[in-house]
Amino acid sequence: MLNSKAEALGIIFPNSYDSLVPDLVSERLMASIPFASRYRMCDFLISSMVHSNIDNISVIVRKNYHSLLDHLGNGREWDLTRKKGGLNIVPPFAQRQVKVFAGRVEALESIKGFLKKQTEEYVIMCDANIAVNFDFKALLDAHVKNGADVTMVYRKQPIPEALIRQSTNSTDLYYSLGLNGDRVSKIYINPSEDGEMNFSLNIYVIARELLIKLIDEAYVHGYIYFVRDIMEPQLGQLDIRGYCYDGYVAHIHDMKSYFEENMRLLEEENLNALFSGNQIYTKIRDDNPTRYINGSNAKNVMVADGCVIEGTVENSILFRGVRVGKGAVVRNCVLMQDTVVEAGANVDYVITDKDVTITEGKSLTGNDSFQVFVSKGQVV
């Protein structure tokens, strides 16, 4: 049984960075993008919070949230069906003050009444474009030990090229940190320099009452962004610390990174790094084990339950219920739930959304720098 007196509550922003993967979010949001053969992106953050004794989690959605509601349900798979706390999904217009928000300030302002009623001392906020098995308890302990006002999680790595390339067209910002010891001395907004930087993972810890105070002040001034408009201008007034995370992170910032992050999990070292810690929970779909029919061939694959393999599958990720017909060849692909590759078809470097059918004898070929994408429900 989890500790019902958790020190922190969690807030997840599931629509962050939607604009970077428009094909994948035409009918869903970032948090419900399928990942690693049977999971959704939100599963990793929610599971990590639950394992860290955070059992009061709010998900503030903006649009395209039907698939997320269907996936999360009442939170039973994450042990979040509770009379107090649990999983709280906040769609626009759920209450009079909750509207379609433009930025994190408006999103938090819309649930200010909820925040005031909670008893947890701290708030942990994060975006849903990362898959990570994260120890939020260690983060919270470091925050309390340092006596910081805000703690920002960062990772030492180069800025992803896709973020730099799309920064002029996207309203989603990214940040890197300048540090003096562990004290944040500078926040760089949309940096484009080469080389290793302290790249922000957009995970923050802050005292609940301080958060309410800062949001009140920011909202009055018409501010939109929590980091750019609140934290960066107050670096001299607030004690903001950095927390370095050196564990495994799958970061989704464009279609190519989505493909590559899935394919990286075919390497045992990466798979163990993401899944060997605490268990990652997801929605259960009762199905038969995958069947490999006589004459089939599978090599270096990650395959969920419910699949039927009659042809050849190599270096690929198959989600639940995928069917590969006799004589069909699937290489270097990510095939989402209930995709059907009919007999004799040949697909290479292809990403399919759910319920796609590649008809008999057809050939679809991309390459390692550009993958062919087939949208949900299409018949090719």
Side-chain angles (χ1 to χ4, degrees), residues 1-3 6-14 16-17 30-59 68 71-72 75-80 87 122-143 151-157 160 198-205 242-253 257-284 302-305 317 319-320 334:
M1 177 65 69
L2 296 173
N3 180 6
E7 297 178 278
L9 61 90
I11 297 178
I12 298 174
F13 300 93
S16 296
Y17 300 99
M30 176 66 76
S32 60
I33 290 177
F35 185 75
S37 100
R38 64 191 299 265
Y39 302 92
R40 304 293 183 107
M41 292 297 293
C42 63
D43 293 337
F44 297 87
L45 290 170
I46 295 175
S47 298
S48 295
M49 287 184 176
V50 168
H51 288 301
S52 301
N53 291 340
I54 299 171
D55 55 15
N56 184 1
I57 301 172
S58 292
V59 183
L68 186 68
H71 179 70
L72 295 179
R76 179 172 61 88
E77 280 82 0
W78 297 266
D79 192 24
L80 290 172
L87 184 64
Y122 299 99
V123 176
I124 294 177
M125 300 183 291
C126 52
D127 293 332
N129 65 321
I130 57 174
V132 59
N133 203 328
F134 193 86
D135 186 352
F136 285 102
K137 186 66 168 63
L139 170 63
L140 185 59
D141 288 345
H143 176 80
T151 298
M152 305 177 66
V153 180
Y154 68 93
R155 190 167 184 264
K156 291 184 178 294
Q157 66 170 75
N198 300 319
F199 179 59
S200 173
L201 295 182
N202 290 338
I203 299 175
Y204 312 97
V205 184
Y243 179 90
C244 183
Y245 178 72
D246 57 5
Y248 189 89
V249 179
H251 204 135
I252 308 303
H253 42 259
S257 66
Y258 173 76
F259 176 80
E260 290 175 346
E261 293 293 0
N262 271 285
M263 300 303 283
R264 284 176 66 194
L265 296 178
L266 294 176
E267 300 175 21
E268 186 174 357
E269 178 184 3
N270 296 329
L271 185 68
N272 290 337
L274 183 59
F275 288 100
S276 63
N278 290 316
Q279 182 179 352
I280 304 299
Y281 303 116
T282 190
K283 180 181 178 180
I284 301 301
M302 178 185 289
V303 181
D305 52 319
I317 308 290
F319 286 77
R320 293 163 169 163
V334 177

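Computed from a predicted model, the values in this text were never measured in an experiment. The first residue of the sequence shown is numbered 1, and numbering continues consecutively from there.
Closest of all the heavy-atom pairs between Ile130 and Asp127 is CG1-O, 4.3 Å. Looking at every heavy atom in both residues, Met263 comes nearest to Ile317 through SD-CG1, 4.3 Å. The shortest heavy-atom contact between Ala128 and Pro14 is CB-CA, 4.0 Å. The minimum heavy-atom distance between Ala304 and Ser37, with the atom names listed, is CB-O, 3.3 Å. The two atoms that bring Arg264 and Val249 nearest to each other are NH1-O, 3.9 Å, heavy atoms only.
Side-chain contact between Leu9 and Ile57: absent, with no pair of heavy atoms (C-beta onward) separated by less than 4.5 Å. Put simply, the side chain of Ile203 does not reach to within 4.5 Å of the side chain of Met152, judged on heavy atoms. Looking at heavy atoms from C-beta onward, Val205 lies out of side-chain contact with Val123 at the 4.5 angstrom threshold. The shortest distance between side-chain heavy atoms of Tyr248 and Val132 does not fall below 4.5 Å. Counting heavy atoms from C-beta outward, Glu261 and Ile252 have side chains that approach closer than 4.5 Å.
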Could you go through His251 and Phe199, starting from their C-alpha distance and side-chain angles, then the distance that decides it, and tell me whether this counts as side-chain contact (heavy atoms from CB on, under 4.5 Å)? CA-CA 11 Å; His251 204 135; Phe199 179 59; 3.1 Å; yes
Begin with the C-alpha distance, continue with both residues' side-chain angles, and end with the deciding distance and a verdict on side-chain contact (heavy atoms from CB on, under 4.5 Å) for Asn202 and Phe13. CA-CA 10 Å; Asn202 290 338; Phe13 300 93; over 6 Å; no
Derivation of the side-chain contact (heavy atoms from CB on, under 4.5 Å) call for Glu267 and Leu265: CA-CA 5 Å; Glu267 300 175 21; Leu265 296 178; over 6 Å; no
Should Leu68 and Cys42 be marked as a side-chain contact (heavy atoms from CB on, under 4.5 Å) after you check the CA-CA gap, both sets of side-chain angles, and the distance that decides it? CA-CA 9 Å; Leu68 186 68; Cys42 63; 3.8 Å; yes
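In summary, the side chains of Lys156 and Asn198 do present a donor paired with an acceptor at a separation below 3.5 Å, with no hydrogens or angles considered. Checking His253 against Asn129 by side-chain atom types alone, no donor-acceptor pair falls below 3.5 Å. With no hydrogens or angles considered, no side-chain donor-acceptor pair links Asp79 and Tyr281 at under 3.5 Å.
Panel note: side chain Asp43, backbone Arg40; a donor-acceptor pair is recorded below 3.5 Å. Between the side chain of Asn133 and the backbone N or O of Leu274 there is at least one donor-acceptor pair closer than 3.5 Å.
In terms of the ring pair (Phe, Tyr, Trp, His ring centres under 6.0 Å) criterion, residue partners of His71 (sequence neighbours excluded) are, by chain and number, Trp78. Residues forming a ring pair (Phe, Tyr, Trp, His ring centres under 6.0 Å) with Tyr39 (at least two apart in sequence, or on another chain): Phe44, Phe275. Partners of Tyr245 by ring pair (Phe, Tyr, Trp, His ring centres under 6.0 Å), not counting sequence neighbours, listed by chain and number: Phe134.
A distance of 12.0 Å separates CD1 in Ile46 from NE2 in His51, rounded to the nearest 0.5 Å. The distance from atom CG of Leu139 to atom OH of Tyr243, rounded to the nearest 0.5 Å, is 6.0 Å. Rounded to the nearest 0.5 Å, atoms CD1 (Ile124) and CE (Met49) are 6.0 Å apart. With values rounded to the nearest 0.5 angstrom, Ile54 atom CD1 is found 7.0 Å from Leu140 atom CG. Annotation: the span from Asp141 atom CG to Asp135 atom CG amounts to 8.0 Å, rounded to 0.5 Å. In this structure, the separation between CE on Met302 and CZ on Phe319 is 9.0 Å, given to the nearest 0.5 Å.
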